[in-house]
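Sequence lines set the chain letters: A, B, ... in the order given, protein chains first and strands last, and positions in each chain run from 1. Only this structure's heavy atoms are used, side chains among them; waters, hydrogens and symmetry mates stay out.
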Amino acid sequence: MTDASTPLIVGASAPSEARPDADLLEGLNGPQREAVTYRGQALLIVAGAGSGKTSVLTRRIASLLRTREAYPSQILAITFTNKAAGEMRERVHQLIGQRADGMWISTFHSACVRILRREAQLFGFTKAFTIYDSGDSRALIKRLVKEHEGDAFGLTPAGTQSRISKLKNELADAESYARQANTSDPAERVFIEIFAAYQRELQRANAFDFDDLIAQTVYLFRAFPQVADVYRKRFRHILVDEYQDTNHAQYALIHELTRPPGSDAEPMSAGGMMIFEAEPAAESGASLTVVGDSDQSIYAFRGADIRNISEFERDYPGAKVVLLEQNYRSTQNILSAANAVISNNFDRKDKKLWTDVGAGDPIIGFTGYSQHDEAQFVADEIEALHRKGVDYAQMAVFYRTNSQSRALEEIFIRSAVPYKIMGGTKFYERAEIKDALAYLVAVANPADEMALRRILNKPRRGIGDVTETAIARYAAEHGITFRDALANSPQLGVGPKLQKAIDQLDAVLSEASALMLPASGELAPSTAVTEGLTLLLNKSGYFDALRASRDPQDEARLENLDELVAVTREFARNNPDGTIIDFLTEVALVADADDLDDASGSVSLMTLHTAKGLEYDAVFLTGVEEDLLPHRISAGEPGGPQEERRLFYVGITRARKRLHVSLAMTRAQFGEVTVAMPSRFLQEIPADLIDWRQSPGDVNGRGGTQSRALNARGRRPGQGGTSGSRYGDDLVPLPKRAPADPSKFPNRIPAKVRDNGDMELAAGDRIRHDDFGEGRVDAITGEGAKRVAHVRFDTVGAKKLLVKIAPISKL
DNA sequence: TCGACACTGTTTTTT
DNA sequence: ACAGTGTCGA
């Protein structure tokens with residue numbers, strides 16, 4: 001990043017006629033136009049769902065550039081995900097018709113990493129620092145909790161981790177927290193010890209966790225004002241998307257960046273970025289634009305503070321506020337439902353979304369007997385829509401928790417609905433991928449002991465607990481790093497076999513270091529990361545161990561590692577000068593929402609959180625049940641139910657034309673079947689907007705009416721924590737075994753994997769299906785394992801079945 | 001040191 | 001249901 005920039009600003013002197021940005025305003029409504037053209041120190045754009053905020057934001061940036069009010073390098077745009085950043089860069093590029101190099105469009109985290117890599121050596125880190133993801137930090141915290149015997153004081157690793165994370169998001173460190181904590185409580189003292197030890201370990205390992213990336217950047221700016229001034233002078237226009245989801249640390253970071261540069265700053269350089277100081281007197285703080293919608297704030301649980309947006313006008317006096325309420329996405333029925341639901345949240349500024357596209361289709365409701373029944377409804381409905389010409393890629397299924405995806409998947413596979421799960425088990429969280437990355441980290445950042453310990457015995461080298469401790473002790477006694485201790489295997493007091501194993505590991509790491517970290521001055525070739533990774537995996541024996549294994553899962557692991565190698569190649573292509581550190585940074589900061597590559601030809605499955613910012617023609621909101629959509633855990637938390645309602649609202653507003661809400665009367669969790677109740681949120685949707693294909697009343701064993709079933713939620717016992725019935729008196733759970741004819745339960749998924757691989761089927765054949773009964777094959781499509789039978793069943797109509805696994809037999 | 005087995009708590013959401 | 005942990009014997 002060696003872009004030179006001068007902080008000269010042309011005053012707001014756009015020519016009155018034929019504005020150079022006139023074309024950017026085409027097709028915008030009044031408020032949108034104002035949001036693009038307003039010039040001032042602070043602007044808050046309150047953008048309701050679907051009100052075209054991305055368009056406004058990109059046009060605003062394009063307008064600043066087009067009118068020459070700003071150089072690209074003076075713009076810092078912050079988005080929530082890397083994907084959103086990429087999209088924004090692309091759209092700005094399209095608008096201004098040229099590449100805007102030097103613009104920073106990135107997430108909070110990537111922006112902070114860029115700053116920290118430049119400045120880390122100022123406070124005891126090197127630019128090769130590792131980024132610990134939550135898994136890494138949990139592993140470290142787990143070890144520390146054990147060492148400090150935190151369990152004796154009721155401290156769990158997960159609880160400790162989340163407390164530390166919350167504190168860091170509030171910019172509290174161990175010392176400042178200790179000062180105001182109740183130290184007469186022994187558990188509190190232990191917690192503080194662990195917190196402090198955790199921070200020491202991170203520093204020792206030359207590592208930052210996710211929260212540190214933000215917080216340490218703020219500390220950096222506060223401790224070194226002249227460093228902060230470099231960035232304050234550079235970034236003259238700061239734009240923040242999804243402002244309602246910022247936490248206190250992020251708020252403070254923005255606040256630091258928008259302060260006027262101090263007058264005592266010397267001209268200085270930082271990390272190769274030269275800044276020439278021009279008339280310090282003329283310097284004011286950067287102009288700040290934030291975009292947000294407090295009704296879509298769904299990250300309070302991880303520290304997002306809704307006050308950042310609700311008190312924006314107080315924080316930035318004289319701020320202009322623009323309201324975008326016209327919706328360009330959904331039909332009026334969908335918006336009416338959304339408005340009705342969200343109006344149940346008190347303490348919000350009233351805001352009503354409206355559209356001029358008309359009412360549209362009613363919302364479809366469905367109540368299944370079980371989660372599989374519900375999933376079958378979704379699959380059938382998707383197929384029906386697809387036959388009507390709706391592209392699979394224009395449909396999405398949302399759920400509250402990741403675990404709900406399983407039932408949907410099972411049914412989708414059987415019904416041959418092409419789908420793609422966003423999120424779920426993440427590629428970079430798979431053990432073999434983490435192992436491979438740990439090898440790379442061990443090379444890039446030798447101070448990172450965690451990475452080294454992780455790979456010490458992967459693959460099996462016979463290096464167990466005892467040997468690991470011996471190495472650590474030797475390192476401590478001689479004041480050297482864990483990594484350097486490996487080079488002294490003869491002094492470790494271990495057997496010759498182990499010595500040899502240690503020597504070998506040491507040699508592999510050294511060889512890879514020589515390849516990927518060439519002596520200063522020369523640049524590693526762009527292929528270095530790929531070569532280094534393959535070298536590490538080959539010579540460490542990792543590949544061999546997987547290939548020799550008879551575990552069928554290890555084959556998939558090999559494929560995943562091949563995939564990772566492919567990722568390094570792709571990385572080299574996109575970043576010819578990219579180093580191993582750049583690669584590890586990129587990998588550490590990718591989120592799941594980032595690699596949704598349009599899911600071409602597939603239905604998208606994702607959690608409601610992942611769905612934010614996306615839109616689809618048809619949306620299925622599943623599992624709309626008490627204890628799930630308001631989630632049980634949030635019920636007791638202050639503001640919890642309201643945040644859950646916003647989550648529901650976000651889900652509703654993703655739909656353009658068709659919205660489906662569904663639930664199940666029973667749901668299996670923790671291995672046993674429990675009874676589910678309709679969510680309170682369902683009643684908040686005006687009844688005339690929902691067309692129930694099967695209402696909760698229809699499937700109620702006692703034959704209650706729809707409204708009865710929906711309104712039956714009497715006064716619920718406060719927390720549900722007290723033993724006894726968790727239901728109101730007049731709401732009786734369904735009998736354990738529903739009295740209905742078992743054939744009404746097309747939902748038993750055989751645990752065993754069925755394989756009809758060689759079954760011969762042709763159009764005209766009659767078959768019997770375990771759940772759907774008898775039917776006639778209309779057609780067979782696809783090949784091999786993906787052969788699909790299109791069957792017309794006598795009683796349940798047309799279905800598509802994956803021949804290989806469908807529970808069918810030929811008649 | 002490592003595999004087999006039993007046992008436990010876990011499922012909220014994520015940069 | 002299931003993964004992750006702990007205990008035991010080889």
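Considering only side-chain atoms of A:R302, the nucleotide from C:dG6, B:dT13, B:dT15 that sits closest is B:dT15. Relative to the side chain of A:Y299, the nucleotides B:dT15, B:dT11, B:dT14 differ in distance, and B:dT14 lies closest. Nearest nucleotide to the A:T107 side chain, out of B:dT15, B:dT11, C:dG6: B:dT15. Closest approach to the A:K146 side chain among B:dT15, B:dT13, C:dG6 is made by C:dG6 (side chain taken as heavy atoms from C-beta onward). Comparing B:dT13, B:dT15, B:dG3 by their nearest atom to the side chain of A:R460 picks out B:dG3. Comparing B:dT13, C:dC2, B:dT11 against the side chain of A:R406 picks out C:dC2 as the nearest.
Put simply, CD1 on A:I463 is 10 Å from P on B:dT1, counting in whole angstrom units. Computed from coordinates, the A:Q161 CD to B:dT14 P distance equals 15 Å when rounded to whole Å. Going from atom CG of A:L608 over to atom C1' of B:dT11 covers 15 Å, rounded to whole Å. With rounding to whole Å, A:Y399 atom OH is found 13 Å from B:dT11 atom C1'. Spacing between atom CD of A:Q669 and atom P of B:dT11 amounts to 13 Å, rounded to whole angstrom units. In this structure, the CE atom of A:M422 is 13 Å from the P atom of B:dT14, given to the nearest Å. Straight-line distance from the CZ atom of A:R143 to the C1' atom of C:dG4: 19 Å, rounded to whole Å. Look at CG on A:L614: it is 17 Å from P on B:dT13, rounded to the nearest Å.
Across all strands, A:T467 comes closer than 4.0 Å only to sugar-phosphate atoms, never to a base (heavy-atom distances). Among the heavy atoms of the strands lying under 4.0 Å from A:T607 are primed sugar atoms or P, OP1, OP2 only; no base atom is included. Across all strands shown, A:D245 has no heavy atoms under 4.0 Å from either base or sugar-phosphate atoms. Nucleic acid contact for A:F108: none, since no nucleic acid atom lies under 4.0 Å from a heavy atom of the residue.
Stacking here means ring centres nearer than 5.5 Å and ring planes tilted less than 30 degrees, and by that measure A:F80 does not stack onto B:dT15.
The aromatic rings of A:F301 and A:H609 sit perpendicular, their planes meeting at an angle over 60°, well past the 30° parallel limit. Using the six-membered ring where Trp is involved, A:F208 and A:F125 have ring planes that are parallel, under 30° apart on the 30 and 60° scheme. Ring pair A:F221/A:Y231 is tilted by interplanar angle, where 30° to 60° counts as tilted.
Note on A:T610: a side-chain N or O is less than 4.0 Å away from OP1 or OP2 of B:dT14. Phosphate contact (OP1/OP2 of B:dT15, side-chain N/O of A:N82, threshold under 4.0 Å): absent. OP1 or OP2 of B:dC2 lies within a sub-4.0 Å distance of a side-chain N or O belonging to A:N457.
At a cut-off of 3.5 angstrom, counting only N and O atoms as typed in the model, there is a donor on one side and an acceptor on the other between the side-chain of A:R400 and the base of B:dT13.
Using atom C1' as the reference point in both C:dG6 and B:dT11, the two lie 23 Å apart (nearest Å).
Residues A:L546 and A:R557 share a closest heavy-atom pair of CD1-CB, 4.1 Å. When all heavy atoms of A:L505 and A:L456 are compared, the pair lying nearest together is CD2-CD1, 3.8 Å.
In summary, the side chains of A:Q161 and A:S137 do present a donor paired with an acceptor at a separation below 3.5 Å, with no hydrogens or angles considered.
Nearest-nucleotide positions on DNA chain B for A:T79 and A:V466 put A:V466 closer to the 5' end.
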